Amino acid sequence: MTTSARRGPYFCGVNAAMDVLTGKWKAPILWELHAHGTRRFAELRRGLPGVSEKMLVQHLREMEEDGLVHREVYPEVPPRVEYSLTEHGVSLNAALDSLGDWGAERMRRIGAEKISVDAG
């Protein structure tokens, strides 16, 4: 069970899901970790153009609290910290696949530009 402070009450499952996804960068963080696996902070930041360091730290902390992201700190000098999806995060990301398909179709329909991201 998660130690999250967000525990409802909820009026439907979508409401409960959106509670952990609220924030501009949470779904993209899930997608980045899904697409590339375990990432260090700087790698995540490069993969998410436009995210500030402060916002990325905040969202990662909340996602860790909600049981979506695992943060591994290695006892090295300098310290190495890696982020990966938990089983709970993988299952949420799978649920977002259809939403991503819908969004890609919307981008095509309205002629929206897709941002190119350096592989880093």
Side-chain angles (χ1 to χ4, degrees):
M1 174 176 263
T2 181
T3 60
S4 173
R6 292 185 299 274
R7 295 186 187 273
Y10 301 116
F11 56 85
C12 69
V14 172
N15 184 223
M18 293 307 296
D19 192 27
V20 296
L21 282 172
T22 299
K24 178 179 180 178
W25 297 102
K26 288 185 180 179
I29 290 167
L30 280 171
W31 194 257
E32 181 71 12
L33 289 171
H34 168 73
H36 300 287
T38 301
R39 306 288 274 178
R40 294 178 75 170
F41 185 86
E43 294 170 320
L44 273 172
R45 188 144 184 234
R46 278 193 301 272
L48 301 165
V51 69
S52 69
E53 182 173 333
K54 179 182 175 183
M55 188 57 59
L56 184 55
V57 166
Q58 178 183 329
H59 282 339
L60 285 168
R61 283 184 182 152
E62 290 172 6
M63 293 170 77
E64 183 181 8
E65 181 180 300
D66 288 329
L68 303 174
V69 170
H70 173 71
R71 180 176 183 262
E72 184 75 34
V73 180
Y74 294 89
E76 301 173 355
V77 178
R80 178 170 52 113
V81 179
E82 295 181 339
Y83 297 90
S84 59
L85 291 179
T86 63
E87 191 174 314
H88 194 54
V90 169
S91 69
L92 177 56
N93 198 68
L96 292 175
D97 279 343
S98 293
L99 185 61
D101 293 343
W102 184 91
E105 175 56 34
R106 179 177 188 273
M107 288 171 58
R108 284 189 292 279
R109 185 173 49 80
I110 67 173
E113 182 180 346
K114 182 176 181 182
I115 296 172
S116 176
V117 180
D118 293 335

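Just so you know, these numbers come straight off a predicted model, no measurement behind them.
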Legend entry - Results of side-chain contact (heavy atoms from CB on, under 4.5 Å) for Val81 - residues two or more places apart only: Arg71, Val73, Tyr83
Legend entry - Nearest atoms (heavy-atom pairs only) where Gly89 meets Leu30: O-CD2, 4.0 Å
Inset, instruction - Could you tell me which residues satisfy side-chain contact (heavy atoms from CB on, under 4.5 Å) with Val14, sequence neighbours excluded, listed by chain and number? - result: Cys12, Met18
Inset, instruction - Show the numbers, then the answer: is there a side chain to side chain contact (heavy atoms under 4.5 Å, CB included) between Glu62 and Thr22? - result: CA-CA 10 Å; Glu62 290 172 6; Thr22 299; over 6 Å; no
Legend entry - Check against side chain to side chain contact (heavy atoms under 4.5 Å, CB included), Ile29 and Leu33: CA-CA 6 Å; Ile29 290 167; Leu33 289 171; 4.1 Å; yes
Inset, instruction - Decide yes or no on side chain to side chain contact (heavy atoms under 4.5 Å, CB included) for His36 and Glu43, but give the supporting numbers first. - result: CA-CA 10 Å; His36 300 287; Glu43 294 170 320; over 6 Å; no
Legend entry - All pairs passing side-chain hydrogen bond (donor to acceptor under 3.5 Å, both in side chains) where residues 84-94 contributes a residue, at least two apart: His34-Asn93
Inset, instruction - Please name all residues satisfying side-chain contact (heavy atoms from CB on, under 4.5 Å) with Ala112, sequence neighbours left out, ordered by chain then number. - result: Met107, Ile110
Inset, instruction - State plainly whether one hydrophobic cluster holds both Trp31 and Val51, where clusters connect Ile, Leu, Val, Met, Phe, Trp and Tyr through side-chain heavy atoms under 4.5 angstrom apart. - result: no
Inset, instruction - With sequence neighbours excluded, tell me which residues meet side-chain contact (heavy atoms from CB on, under 4.5 Å) with Arg80. - result: Arg40, Tyr74, Glu76, Glu82
Legend entry - Criterion side chain to side chain contact (heavy atoms under 4.5 Å, CB included) on Gln58 and Trp25, from CA distance to verdict: CA-CA 10 Å; Gln58 178 183 329; Trp25 297 102; over 6 Å; no
Inset, instruction - Flag the pair Glu105 and Arg108 as a salt bridge only when some basic side-chain nitrogen lies within less than 4.0 angstrom of an acidic carboxylate oxygen. - result: yes
Legend entry - Where Leu96 and Ala27 come nearest, the two heavy atoms and their spacing: CD1-CB, 4.4 Å
Inset, instruction - With rounding to the nearest 0.5 Å, note down the distance linking CZ in Arg39 to CG in Leu85. - result: 12.0 Å
Inset, instruction - Just jot down the side-chain hydrogen bond (donor to acceptor under 3.5 Å, both in side chains) partners of His59, sequence neighbours excluded, or say none. - result: none
